[in-house]
Every structure is written in structure tokens, then in C-alpha cells.
Amino acid sequence: MTVVCDTSPLLLLARADRLHLLRALYSTVVVPDEVLQEIRVQQDTPARDIQAYTEHPHVQRMEARDEMLREVEETMGVGERAAIAIARDLGADLVVLDDERRRKEARRHGLNVTGAIGTD
């Protein structure tokens, strides 16, 4: 199962020392480059943990294609837009977003959504 993760769920899992749960639940975890850019500016322990986590073989880093980004609501953050665009582009099984408005946008694009703690 392939899942695409946004910034806030990754940070929440890192702060709880639970990033390993992604590997336990999903065969492939995709982290958009745009999400990593948002995380790098934080320069704290959870941000470093996420960067280290993205080096694991089951994690793929990917940049959203411009033509896919254009189809996602422009008022959203860059990481959220990228997560939705990449999930659509890949036909991912799931996209992990914590904000309800972003989840609605993902559903509008036909995506299955969840949050960091598995709520929909």
C-alpha cells in the first residue's frame, strides 16, 4: 500500500517518536520534496528525525509535477498541495492530511484520506 504524507502528520508522529508506525502500516511512504522543505526550516529534533527517516528504503521522496499542482486549490500550503497532487499522480492508496479542509480537497480529487492518528 502506498501512502503520501503531508507535513503536520509527519511532525506529529516524529514528536511522539512513532514514525516507525508508517513502515508497519504501509509498504511505500511517499514524502513530497515540498514537505521536506517545510520541515527543514524547523531545525529541531523531530525535523531531523523525519529527514533521517526519509533515507529508509521504503520511503520515496518526490517533487510534485506542475501540471498536477495546478489542479489543486491554490490557497493551501505548498506541502499540502504537493501531497494531494502526488497522491493523484501516483494513484496512491491513501494521503495523510490532518486539516479537514485539506481532506475535503483530497476527497474532491477522488483520494482516500486519513490523519496522523487514523481519523477520517
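Please read these numbers as outputs of a predicted model, since none were measured by experiment.
Counting heavy atoms from C-beta outward, R107 and L111 have side chains that stay 4.5 Å or more apart. With a 4.5 Å cut-off on side-chain heavy atoms, L22 and V59 do not count as touching.
Residues R81 and L69 share a closest heavy-atom pair of NH2-O, 2.6 Å. Pairing each heavy atom of E34 with each of A64, the nearest pair is OE2-N, 3.1 Å. Nearest heavy-atom pair, A116 versus V96, reported as atom, atom and distance to 0.1 Å: N-CG1, 4.0 Å. Listed here is the closest heavy atom pair of A106 and V95: CB-CG1, 3.9 Å. Of all the heavy atoms in L10 and C5, the pair that sits closest is CG-CB, 3.9 Å.
Atom-to-atom distance recorded for I84:CD1 and R108:CZ is 9.0 Å, nearest 0.5 angstrom. Between the CZ atom of R23 and the NE2 atom of H58 there is a distance of 5.5 Å, given to the nearest 0.5 Å. Remark: R65 CZ to R88 CZ distance equals 10.0 Å, nearest 0.5 Å. We find the OG1-CD distance between T54 and Q60 to be 12.0 Å, quoted to the nearest 0.5 Å. For the atom pair D49 CG and D17 CG, the distance stands at 7.0 Å (nearest 0.5 Å). The distance from atom CD of Q51 to atom CZ of R61, rounded to the nearest 0.5 Å, is 9.0 Å.
Connection of V113 to M76 is established within a shared hydrophobic cluster, with ILVMFWY side chains joined at heavy-atom distances below 4.5 Å, either directly or through further cluster members. By the rule that hydrophobic residues join a cluster once side-chain heavy atoms approach within less than 4.5 Å of another member, V29 and L97 end up as members of separate clusters. Both M1 and L13 are members of a single hydrophobic cluster when ILVMFWY side chains are connected at heavy-atom separations under 4.5 Å.
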Given the rule in the side chain to side chain contact (heavy atoms under 4.5 Å, CB included) test, do L90 and M62 qualify, once you have shown the distances and angles that lead to the verdict? CA-CA 10 Å; L90 293 177; M62 186 174 291; 3.9 Å; yes
Verdict with reasoning, H109 to V72, per side chain to side chain contact (heavy atoms under 4.5 Å, CB included): CA-CA 8 Å; H109 289 280; V72 181; 4.2 Å; yes
Applying side chain to side chain contact (heavy atoms under 4.5 Å, CB included), run through I50 and L19 and close with a yes or a no. CA-CA 8 Å; I50 293 166; L19 283 170; 3.9 Å; yes
In sequence, state the C-alpha distance, the side-chain angles, and the governing distance for R103 and D98, and then conclude on side chain to side chain contact (heavy atoms under 4.5 Å, CB included). CA-CA 7 Å; R103 289 182 194 186; D98 280 339; 4.0 Å; yes
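Of the possible donor and acceptor atoms, one in the side chain of E38 sits under 3.5 Å from a partner among the backbone N and O of G79. Not a single donor-acceptor pair under 3.5 Å links the side chain of N112 to the backbone N or O of L94. No donor-acceptor pair closer than 3.5 Å links the side chain of E80 to the backbone N or O of R102.
No hydrogens or angles considered: a donor-acceptor pair under 3.5 Å links the side chains of T75 and R101.
Of the candidates D89, V4, V3, V35, V30 forms a side chain to side chain contact (heavy atoms under 4.5 Å, CB included) with just one, namely V4.
Below 30°, between 30° and 60°, or above 60°: for Y53 and H56 the angle between ring planes is between 30° and 60°, a tilted geometry.
Atom CD of E74 has 12 or fewer heavy atoms from other residues, nucleotides or ligands within 6.0 Å.
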